[in-house]
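Count residues from 1 along the sequence. Order of appearance sets the numbers: ligands from 1, and atoms from 1 within every ligand. Since we're looking at a predicted model, the values are computed, not measured.
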Amino acid sequence: MKARRNSGALKLCGIIGYPLEFTLSPAMHNAAFESLGLEYVYLPFKVKEEYLKKAIDGMRALSIRGLNITIPHKVAALALLDELDPMAEKIGAVNTIVNSGGILKGYNTDAGGFLKALLDKGVEPRGKKIVMLGAGGASRAISFILAEKGASLVILNRGLGRAQELVGNIREIFGSKALALGLTGENLTEVLAGADILVNTASVGMTPHAGETLVPAELFKSGLLVYDIVYSPIKTRLLKDAEAAGAEIIPGLEMLVWQGASAFKLWTGQEAPVEVMRQAAIRERAGDEN
Ligand code: ATR
């Protein structure tokens with residue numbers, strides 16, 4: 001069944017952020033709506049910081065069903081909502097809003113999406129030794145969900161203070177095992193020797209710096225799972241080096257697709273057509289690269 005997309009029943013979703021040129025979310029969600037014949041449409045809205053409150057009020061006024069929130073609004077949006085999912089509240093950032101009759105509830109499907117991609121690969125975080133690179137906003141969302149699921153974490157960051165603060169929060173909120181270290185070759189060598197999973201949350205290796213990596217290739221081994229949240233390029237230098245050494249990999253596009261799938265379910269109440277969303281994101285990415 002094809003959606004008509006022109007009746008009064010049409011529901012609107014979208015993404016707000018700034019800048020927004022390279023978002024893959026409209027392609028993913030519109031393909032998903034279309035494949036299920038849902039009368040929904042998803043649009044990008046470029047919203048500068050000074051207009052965030054007006055945009056959220058506008059969501060209520062225009063009965064926009066759902067929004068994704070991206071850089072730079074994920075933290076500021078939280079205070080403008082009526083209700084928060086407990087994990088979004090702990091993380092202190094939202095990337096998805098659901099509007100139910102004017103009541104706006106915030107979620108963090110970045111965290112849930114990261115986890116879903118891991119589970120989809122057949123990997124349970126409980127009891128795993130996980131090394132994380134980076135201690136920014138993305139690392140906070142991911143380390144919180146991993147801590148909640150019972151993983152033990154080592155967080156390495158260029159700025160040690162930021163990693164120590166994050167580890168302090170993890171211990172306090174989840175009472176779980178976590179350690180902060182500076183991002184040095186010596187520390188990396190030591191912690192990777194005993195690790196099950198390496199997660200890169202730092203923005204290193206992203207287009208236009210696709211050749212860069214934080215991890216010397218000789219530190220990879222088979223038996224390690226390497227998950228890079230960078231999704232441009234789809235296969236980063238880090239993932240290529242890991243794969244060449246026989247390690248398993250998860251590309252960042254998987255986290256993007258699964259966070260989108262979680263948002264889709266929250267807005268529509270239906271299971272997301274994950275493969276449709278993945279293919280739409282890959283097609284759109286290929287278009288960007290041409
Ligand atoms: P995000 O929300 O994507 O996590 P962020 O909060 O700006 O973005 O955090 C970026 C992360 O990438 C940080 O951990 C940052 O390290 P610092 O806290 O030391 O700045 C890390 N990062 C960015 N560029 C880096 C580089 N060239 N080398 C090492 N780490 C880098």
Side-chain angles (χ1 to χ4, degrees), residues 15-25 49 52 68-78 87-88 90-96 106-115 117 130-147 153-170 178-189 191-192 198-217 219 226-234 236-239 241-242 250-256 258-260:
I15 180 163
I16 61 177
Y18 197 92
L20 255 192
E21 314 323 329
F22 297 108
T23 175
L24 303 179
S25 294
E49 278 165 89
L52 179 64
N68 282 134
I69 311 295
T70 189
I71 293 166
H73 304 310
K74 288 185 186 187
V75 174
L78 191 117
M87 188 44 107
K90 283 181 189 134
I91 294 167
V94 291
N95 79 319
T96 300
Y107 296 83
N108 192 309
T109 73
D110 287 333
F114 175 90
L115 181 67
I130 304 185
V131 173
M132 305 204 28
L133 308 180
S139 178
R140 186 174 168 88
I142 292 166
S143 58
F144 275 25
I145 196 101
L146 289 173
L153 301 173
V154 183
I155 299 177
L156 287 83
N157 199 46
R158 185 176 52 181
L160 178 59
R162 219 174 167 191
Q164 284 170 330
E165 195 183 331
L166 181 55
V167 158
N169 289 162
I170 292 168
L179 178 69
L181 293 172
L183 184 55
T184 65
E186 205 174 304
N187 286 341
L188 259 180
T189 306
V191 295
L192 281 181
L198 169 69
V199 182
N200 176 50
T201 74
S203 45
V204 176
M206 197 185 290
T207 311
H209 304 289
E212 294 178 9
T213 176
L214 292 175
V215 184
L219 296 187
V226 179
Y227 190 157
D228 195 346
I229 74 160
V230 172
Y231 60 83
S232 174
I234 290 178
T236 57
R237 163 91 186 276
L238 178 90
L239 294 178
D241 289 348
I250 302 181
L253 193 86
E254 289 300 305
M255 175 173 168
L256 179 83
W258 286 99
Q259 66 72 30

Ligand 1 N/O to protein N/O, distances under 3.5 Å:
{"from": "ligand 1", "atom 1": "2 (O)", "to": "Gly137", "atom 2": "N", "distance (Å)": "3.4"}
{"from": "ligand 1", "atom 1": "2 (O)", "to": "Ala138", "atom 2": "N", "distance (Å)": "3.4"}
{"from": "ligand 1", "atom 1": "4 (O)", "to": "Gly137", "atom 2": "N", "distance (Å)": "3.1"}
{"from": "ligand 1", "atom 1": "4 (O)", "to": "Ala138", "atom 2": "N", "distance (Å)": "3.0"}
{"from": "ligand 1", "atom 1": "6 (O)", "to": "Gly137", "atom 2": "N", "distance (Å)": "3.2"}
{"from": "ligand 1", "atom 1": "6 (O)", "to": "Arg162", "atom 2": "NH2", "distance (Å)": "3.0"}
{"from": "ligand 1", "atom 1": "14 (O)", "to": "Ala135", "atom 2": "N", "distance (Å)": "2.8"}
{"from": "ligand 1", "atom 1": "14 (O)", "to": "Asn157", "atom 2": "OD1", "distance (Å)": "2.7"}
{"from": "ligand 1", "atom 1": "16 (O)", "to": "Asn157", "atom 2": "OD1", "distance (Å)": "3.2"}
{"from": "ligand 1", "atom 1": "18 (O)", "to": "Asn157", "atom 2": "ND2", "distance (Å)": "2.8"}
{"from": "ligand 1", "atom 1": "18 (O)", "to": "Arg162", "atom 2": "NH1", "distance (Å)": "2.9"}
{"from": "ligand 1", "atom 1": "19 (O)", "to": "Asn157", "atom 2": "ND2", "distance (Å)": "3.4"}
{"from": "ligand 1", "atom 1": "19 (O)", "to": "Arg158", "atom 2": "NE", "distance (Å)": "3.2"}
{"from": "ligand 1", "atom 1": "19 (O)", "to": "Gly159", "atom 2": "N", "distance (Å)": "2.9"}
{"from": "ligand 1", "atom 1": "20 (O)", "to": "Arg158", "atom 2": "NH2", "distance (Å)": "2.8"}
{"from": "ligand 1", "atom 1": "27 (N)", "to": "Arg158", "atom 2": "NH1", "distance (Å)": "3.4"}

Nearest 0.5 angstrom please: Asn200 CG to Leu133 CG, how far?
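Going from CG on Asn200 over to CG on Leu133, the span is 5.0 Å.
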To the nearest 0.5 Å, what is the distance between CG (Leu198) and CG (Leu214)?
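Going from CG on Leu198 over to CG on Leu214, the span is 9.5 Å.
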Check whether any side-chain heavy atom of Met255 sits under 4.5 Å from a side-chain heavy atom of Tyr231, and report yes or no.
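No - every pair of side-chain heavy atoms lies 4.5 Å or more apart.
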Taking the side chain as every heavy atom from C-beta outward, state whether Thr70 and Thr23 have any atom pair closer than 4.5 Å.
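No; the side chains remain at least 4.5 Å from each other.
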Distance alone, cut at 3.5 Å: any donor-acceptor contact between the side chains of Ser25 and Asn68?
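There is no such pair between these side chains.
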Counterpart residues, ring pair (Phe, Tyr, Trp, His ring centres under 6.0 Å), relative to Tyr107 (two or more places apart):
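Ring pair (Phe, Tyr, Trp, His ring centres under 6.0 Å) list for Tyr107, sorted by chain: empty.
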